Amino acid sequence: MSPDTFSNLFVAALLATLFIKVALMLRQRHHVRMRREQVPAPFADSISLESHRKAADYTCARMALGIVDATIGAAFVLALTLGGGLQAMHQGLAAWFDAGGLAHGIALLAALGVLGWLIELPFALYRTFVIEKRFGFNRMTPALYAADVAREALLAALIGLPVLAAVLWLMGAMGEHWWLWVWLFWFAFNLLGLFVWPTFIAPLFNKFTPLADEALRKRVENLLARCGFRSRGLFVMDGSRRSAHGNAYFTGFGAAKRIVFFDTLLDKLSPAEVEAVLAHELGHFHHRHIWKRLAVIAATSLALLWLLAWLMEQSWFFAGLGIDDGAGSTAVALALFALVLPVFAFPFGPLMSHWSRVHEFQADAYAARQASAADLAAALVKLYRDNASTLTPDPLYSRFFDSHPPASLRVSRLRVGS
Ligand SMILES: [Zn+2]
């Protein structure tokens with residue numbers, strides 16, 4: 001392939017992706033806005049018109065921001081590649097570091113990470129302090145936000161930089177099969193993360209206290225016994241420090257498994273509803289969704305690393321993305337790959353969303369067997385209401401972006417079942 005052909009292909013894919021994204025978000029906005037004045041029939045008893053309107057306005061506000069965000073993001077990728085940004089960074093950093101060396105590569109990728117974060121920052125701030133605040137979800141003070149950023153930066157430096165160094169070193173030192181070594185390293189690192197995260201990292205950001213409510217505790221323990229699930233404890237997390245959105249999840253593997261309830265969830269739901277929500281989470285465990293997902297991620301990352309190894313041998317990959325021949329270092333290749341991959345991977349989004357929705361239905365069905373379908377339906381209605389999730393998503397938008405099935409489908413299935 002000639003560099004020009006690849007450039008054209010890349011620009012066409014970038015514009016097509018942006019166009020589809022924006023069109024879908026506009027559709028979603030229109031669809032939701034047209035249904036703002038009427039609560040859908042299945043929810044007429046449980047959701048007020050006021051809550052329904054709030055959900056519509058919340059969805060529209062987020063779509064408007066999403067459109068600007070997607071456009072700026074595409075411009076950023078274009079500026080770094082064909083605009084010569086990455087090439088300029090590569091040359092600029094060569095003044096401080098030995099060009100093509102390990103330190104130079106780490107500096108380039110770190111600089112790219114910081115730059116990407118800076119571009120995203122105004123959107124993140126607007127989301128938290130304008131949109132989430134306007135709809136009454138934000139509990140974060142600017143001081144807490146700054147402290148979070150500091151902690152995340154420290155973690156990125158302490159963990160991210162050594163990992164990056166290891167990857168770049170493997171890419172340079174392991175000969176033509178480096179992709180296999182990087183994959184093994186990356187996979188081991190991720191598995192380790194699953195053990196380390198709940199015990200060491202998550203407590204840096206939130207407080208976890210053992211579930212104190214005796215009655216709820218008994219209920220949950222009965223459910224766990226019924227489902228044959230062993231865990232290392234039930235915890236309540238102070239999610240209310242940052243947001244009013246509620247959730248429940250379990251983390252870790254094997255003996256390190258722990259179940260975590262957001263305090264905001266326990267405030268909103270009755271004990272029977274909490275049990276049903278947890279039964280849904282256990283459904284994911286029962287159906288081994290986490291392992292299946294991990295297997296797909298492992299296979300995909302292996303294929304992608306192999307692809308990267310192949311692309312690094314093709315001069316059109318660098319030249320077609322605005323990089324001079326001499327700059328074909330491993331770090332540059334990695335940076336280009338990270339920038340370009342989302343553009344070409346976009347069509348796979350609906351496939352992953354579909355798979356995820358199948359899992360959600362399976363988990364719902366499991367919860368209906370192990371707990372009460374009526375309680376799960378009631379809990380979902382409360383969560384949709386309190387999270388201001390729209391009950392009337394555009395079907396096409398939903399197919400692309402929603403990891404969970406539309407509320408109306410989930411609730412109606414549960415009601416039929418109960
Ligand atoms: Zn789920």
Side-chain angles (χ1 to χ4, degrees), residues 42-43 55 194 197-198 202 216 219-220 223-224 226-229 231 234-237 239 243-253 257-266 268-297 349-391 393 395 397-418:
F43 300 97
L194 287 172
W197 182 267
L216 181 60
R219 240 195 140 95
V220 167
L223 172 73
L224 295 179
R226 226 162 43 237
C227 299
F229 185 94
S231 92
L234 312 171
F235 294 88
V236 180
M237 188 187 105
S243 160
H245 293 300
N247 206 348
Y249 66 95
F250 65 93
T251 57
F253 275 104
K257 272 197 304 277
R258 40 167 69 190
I259 291 170
V260 177
F261 298 105
F262 281 39
D263 53 356
T264 35
L265 185 85
L266 298 186
K268 282 172 196 165
L269 303 185
S270 74
E273 290 164 350
V274 171
E275 181 186 341
V277 168
L278 182 60
H280 169 96
E281 295 303 321
L282 295 177
H284 286 306
F285 170 78
H286 173 82
H287 288 287
R288 300 186 198 288
H289 290 157
I290 290 139
W291 289 111
K292 284 176 189 165
R293 199 165 291 211
L294 217 57
V296 167
I297 290 171
L351 225 64
M352 291 308 284
S353 298
H354 174 77
W355 197 45
S356 171
R357 284 194 298 264
V358 170
H359 287 175
E360 293 307 326
F361 279 132
Q362 285 178 343
D364 278 352
Y366 181 84
R369 291 198 298 275
Q370 298 294 343
S372 145
D375 284 331
L376 183 56
L380 286 177
V381 169
K382 277 192 193 170
L383 290 175
Y384 277 107
R385 183 193 64 202
D386 293 347
N387 287 333
S389 308
T390 180
L391 300 170
Y397 174 91
S398 186
R399 200 160 290 173
F400 259 84
F401 294 114
D402 289 347
S403 61
H404 285 60
S408 51
L409 274 182
R410 284 182 80 182
V411 170
S412 64
R413 274 203 195 191
L414 285 166
R415 283 184 181 155
V416 168
S418 64

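Computed over heavy atoms, backbone and side chain alike; hydrogens, waters and symmetry mates excluded. Note that ligands are numbered from 1 as they come in the structure, with each ligand's atoms numbered from 1 the same way. Small disclaimer: the values here were computed from a predicted structure and weren't measured.
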Parallel, tilted or perpendicular: rings of His286 and Tyr366 (30°, 60°): parallel
Angle subtended at the Zn ion (ligand 1) by His280 NE2 and Glu360 OE1, rounded to 10 degrees: 90°
Taking every non-hydrogen atom, the tightest pair across Leu391 and Ser408: O-OG, 4.4 Å
N, O or S atom of His359 closer to the Zn ion (ligand 1) than 2.8 Å: no
Between CG on residue Asn387 and NZ on residue Lys268, distance to nearest 0.5 Å: 5.0 Å
Name of the His284 atom (N/O/S only) found closest to the Zn ion (ligand 1): NE2
Atom CZ of Arg288 with >12 non-hydrogen neighbours under 6.0 angstrom: no
